[in-house]
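Proteins get letters first, then strands, A, B, ... in listed order; numbering begins at 1 in each.
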Amino acid sequence: MMPNVDNRGWPPPPQRAALIFQHLGQLYPDARCSLDWRNPFQLLVATMLSAQCTDQRVNQVTPALFDRFPDAASFAAAEPEQVEPYVRPTGFYRNKARHIVSTSRLLLERHQGRVPKSMEALLECPGVARKTANVVLATAYGLNAGVTVDTHVRRLSNRLGLVAATDPARIEVELMALLPQADWDLLSIRLIFHGRAVCKARRPACGCCHLADLCPSHRPEPMDTRPQRVSPLTRI
DNA sequence: ATCCCGAGGG
DNA sequence: CCCTCTGGAT
C-alpha cells in the first residue's frame with residue numbers, strides 16, 4: 001500500500017508540524033501580534049482594519065482614529081461617514097467604517113461597550129469572523145479558541161504540506177488537530193512572520209529558508225539567466 | 001463566486 | 001501594468 005503523499009522519509013504530520021513549529025520558534029523568538037493597541041476594544045478595531053492590508057498601515061491610521069474615537073461609545077455615537085476618512089488608507093474603508101460603527105453599537109447594547117471573551121459572542125459582531133475573533137481572544141485575553149487562518153497561514157500551511165484543505169475553515173480544523181492547544185496562537189504568529197520575511201506570496205525566498213529540509217514545496221532559487229555585465233576591470 | 005478598496009512592490 | 005496585504009458579507 002503506497003502512501004498518497006510524498007513522505008521523503010519525513011516523520012508523520014503531527015511530528016513534522018511540531019518540528020516546523022520548533023524551528024520557527026528559533027527563527028522568530030520574539031514574534032508577537034504586530035498591531036498596536038491599548039485595550040481589547042482597540043485591538044478588535046485594529047484587527048477589523050487589517051483585512052487585506054498590512055498591519056504596518058493599520059498602525060499608521062490607528063493613533064488619529066483612537067484619538068478621535070477612543071472607545072465603543074464614541075464610535076456608536078458616530079455615523080460611518082465620519083469614520084471613513086480615518087480608515088480610508090486601509091482599503092475597503094466604507095465596509096470597515098460601517099462594520100466598526102455597527103459592532104460598537106452592538107457591544108454597547110449587549111456587552112456594556114466591552115469586548116466579549118467568547119467566540120460565539122464575537123461572531124455576532126458585524127465584520128467579525130473567526131480570523132478576527134481568534135486574534136482578539138488570543139492576543140487580548142490569552143484564550144486559544146482556535147488557529148488564526150489568514151492569507152499567510154493559509155499559504156504556508158499549503159506549501160509546507162501541513163494541511164490538505166484550501167479553505168480557511170477546514171485549514172483551521174486541521175491545524176488544531178496537529179498541535180496542542182497551547183501552541184495555536186504562536187503557530188499562527190510564527191507562520192505569519194515567516195510568510196512576511198521568507199515564504200512570500202509572490203517570490204518565496206526558498207534559497208534562504210531554514211525550513212527547506214521540511215518543505216515539500218521547496219525549490220532552488222531560479223537561476224539568473226539574464227546576460228551578465230562584465231566589469232571592464234576584469235578584462236585583460 | 002463576487003464584491004469591497006487603498007497603497008506599495010516588482 | 002499586475003500582484004499582494006493578519007477578510008468578511010452577499
Value in whole Å for how far the C1' atom of dG8(C) lies from NZ of K131(A):
11 Å
Closest-nucleotide 5' rank along DNA chain C - winner of L123(A) and R32(A):
R32(A)
Value in whole Å for how far the P atom of dG8(C) lies from CG of D167(A)
14 Å
Between dG8(C), dT6(C), dC5(C), which nucleotide gets closest to the side-chain atoms of T132(A)?
dG8(C)
Lys/Arg N to Asp/Glu carboxylate O, E124(A) vs R110(A), below 4.0 Å
yes
Does dA7(B) have OP1 or OP2 under 4.0 Å away from a side-chain N or O of T90(A)?
no
Measure NE2/H194(A) against P/dC5(C) and give the value in whole Å, please.
14 Å
Of the listed dC5(B), dC5(C), dT6(C), the closest approach to the I192(A) side chain comes from dT6(C)
Salt bridge present between D71(A) and R114(A) (N-O < 4.0 angstrom):
no
Once you round it to whole Å, what is the distance between P of dT4(C) and NZ of K200(A)?
13 Å
Compute both the distance and the angle, then confirm whether R190(A) meets the cation-pi test with Y28(A): under 6.0 Å from the six-membered ring centre, within 45 degrees of the axis.
no
Hey, can you tell me if F41(A) and F75(A) have their rings parallel, tilted or perpendicular (30° and 60° cut-offs)?
tilted
Expressed in angstrom and rounded to an integer, what is the separation of L49(A) atom CG from dC5(B) atom C1'?
13 Å
Counting only side-chain heavy atoms from C-beta out, which of dC4(B), dA9(C), dT6(C) sits nearest to C33(A)?
dT6(C)
From CZ of R154(A) over to C1' of dC5(C), roughly how many Å is that when rounded to an integer?
12 Å
Under 4.0 Å between a side-chain N or O of R196(A) and OP1 or OP2 of dT4(C)?
no
Do E172(A) and R130(A) meet the salt-bridge criterion of a basic N to acidic O distance under 4.0 Å?
yes
Interatomic distance where NZ belongs to K96(A) and P belongs to dC3(B) [whole Å]:
18 Å
Winner on side-chain proximity to R94(A), out of dA7(B), dC5(B), dT6(C), is dC5(B)
Looking at H152(A), I'd like to know whether one of its side-chain N or O atoms comes within less than 4.0 Å of OP1 or OP2 on dC5(C).
yes
dG8(B) phosphate, OP1 or OP2, under 4.0 Å from R57(A) side-chain N/O
yes
For a quick check, tell me whether the side chain of R202(A) and the base of dC3(C) share a donor-acceptor pair closer than 3.5 Å.
yes
Identify which one of V136(A), L122(A), L137(A) satisfies the side chain to side chain contact (heavy atoms under 4.5 Å, CB included) criterion when paired with P116(A).
L122(A)
Verify the stacking flag for F92(A) against dG7(C): centroid separation must be under 5.5 angstrom and the ring planes must differ by under 30 degrees.
yes
Contact class for V149(A) (heavy atom, under 4.0 Å): base, sugar-phosphate, or nothing?
nothing
Residue mapping more 5' on DNA chain C - nearest nucleotide basis, I189(A) or P126(A)
I189(A)
Using the C1' atom as the reference point in each nucleotide, state the distance between dC5(B) and dC2(C) in Å, no decimals.
16 Å
Could you tell me the separation between the CE atom of M48(A) and the P atom of dG8(C), rounded to a whole number of Å?
9 Å
Nearest-Å distance once atom P is located in both dG10(B) and dT6(C):
15 Å
Under 4.0 Å between any heavy atoms, over every strand shown, what does R155(A) touch: base, sugar-phosphate, or nothing? Just pick one.
sugar-phosphate
